[in-house]
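Note that these values count all heavy atoms, side chains included, but never hydrogens, waters or copies made by symmetry. First the proteins, then the strands, lettered A, B, ... as listed; each starts at 1.
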Amino acid sequence: MPELPEVETVANGVHERVHGQRIRSVWTSGKPQTFKTPEPDLVEALTGATIARVRRIGKTIALDLTRRGKHTAQFLVHLGMTGRLLVSAAEVPLPPHTHAVLALADGRELRFVDARRFGRLSLATDYQGPGREPTTISPEDFAVLFKGRKLAIKAALLNQSLLHGIGNIYADESLFRASIRPTRQAGKLTRAELLALHSALQSVLRHAIQLGGSSVSDYVDADGVRGFFQLEHKVYSRAGQPCLSCATTLKKLTVGGRTTVYCPHCQR
DNA sequence: CTGACATCCTGACGGC
DNA sequence: TGCCGTCAGGATGTCA
């Protein structure tokens, strides 16, 4: 499931491969729920436009489109759970569950493939994302986000309108590294705990970006290459196994509607 | 407004 | 071996 580090890896990889390319033609699958913007509008905005830049905003990949050097629109790609954005030679057969193909001027194709169809394609003009950027937010601004909140800190970390980009893996991993139990009320964390969480979150995200993200489920980068951060997971998907720092059996429960794994000894 | 919960969708996996 | 039930989860919409 692509979260911030995975989406950043894909966005950077796609940027390197396709920036400056003109879009010659566009094909879409007609699966309605994939398209938040009606397909004809999307096709019209994309056809003939140049991809000036590709970057990550929250968990969304934004492609800045220009015509004759002028910004015209943004093409937004949300990978959902199983979405892939691949740059391929036109000769490579289309994978199953392909929902959009952008034929580029040099003959290659930018393809959106999504088996489970939680991904979404849309248009925007100046997309800012739903929340604050976790990799650069200051400790002070970070602490303010949780003030007075009654929900569990894990659920707060998953709320994209507070911080955008964090999903189940990095919520669990940062809480473990900050020694905070996922069920704690967000508004009741001490100043020291919030600082520890801010620091743990930023370092875990940085580390994961360096390793190309976590490959679980079918995440791959723009070249179809897997990341390596899954080898660094301390708690995610490790329920029933020993804690890597104290050997206590890791516990599993549901928080914020998501499977959550934590160490009952290390996380208080 | 805040928070809890169901819903979408299909591949992977475990059990029998 | 093969079938079937269960699980996974980001965003959105509904409801209290």
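H78(A) places its NE2 atom 15 Å from the P atom of dG9(C), with the value rounded to the nearest Å. Rounded to an integer number of Å, the gap from N159(A) CG to dC5(B) P is 15 Å. For H233(A) and dA8(C), the NE2 to P distance is 16 Å, given to the nearest whole Å. Taking atom NZ on K59(A) and atom P on dG9(C), their separation rounds to 11 Å, with Å as the unit. Between the P atom of dC5(B) and the CG atom of L151(A) lies a distance of 12 Å, rounded to the nearest Å. Computed from coordinates, the R116(A) CZ to dA12(B) P distance equals 9 Å when rounded to whole Å. In this structure, D114(A) places its CG atom 12 Å from C1' of dG11(B), rounding to the nearest Å. Rounded to whole Å, atom P of dC9(B) lies 8 Å from atom CZ of F118(A).
At least one donor-acceptor pair under 3.5 Å links the side chain of E3(A) to the backbone N or O of I169(A).
Mapped onto DNA chain B by nearest heavy atom, R258(A) and A155(A) fall at different nucleotides, with A155(A) at the one closer to the 5' end.
Distance from the side chain of Q33(A) is smallest to dC9(B) among dG10(C), dC9(B), dG11(B). The side chain of R149(A) sits closest to dG3(B) out of dG3(B), dG9(C), dC9(B). Nearest to the side chain of K150(A), among dG11(B), dG3(B), dA8(C), sits dG3(B).
Among the atoms of the strands shown, only primed sugar atoms or phosphate atoms (P, OP1, OP2) are found under 4.0 Å from some heavy atom of K252(A). Residue K36(A) is classed as a sugar-phosphate contact, given heavy-atom separations below 4.0 Å to backbone atoms only. Looking at heavy-atom distances under 4.0 Å, R120(A) makes no contact with the nucleic acid at all.
In the model, T28(A) has a side-chain atom that pairs as donor or acceptor with a side-chain atom of E39(A) under 3.5 Å.
For R68(A), there are no side chain to side chain contact (heavy atoms under 4.5 Å, CB included) partners at least two apart in sequence or on another chain.
Under 4.0 angstrom from either OP1 or OP2 of dG10(C) there lies no side-chain N or O belonging to H164(A). In this model, the phosphate group of dG9(C) is approached by a side-chain N or O of Y236(A) to a distance below 4.0 Å at OP1 or OP2. Taking only side-chain nitrogens and oxygens, T82(A) never comes nearer than 4.0 Å to OP1 or OP2 of dT10(B). Residue Q160(A) places none of its side-chain N or O atoms closer than 4.0 Å to OP1 or OP2 of dG10(C).
For the side chain to side chain contact (heavy atoms under 4.5 Å, CB included) with R177(A), the lone residue among D172(A), L197(A), V204(A) that qualifies is V204(A). Screening H19(A), H15(A), R55(A) against D64(A) for a side chain to side chain donor-acceptor pair (under 3.5 Å) leaves a single residue, R55(A).
With a 3.5 Å ceiling on both atom-pair distances, dC1(B) lacks any Watson-Crick or G-U wobble partner.
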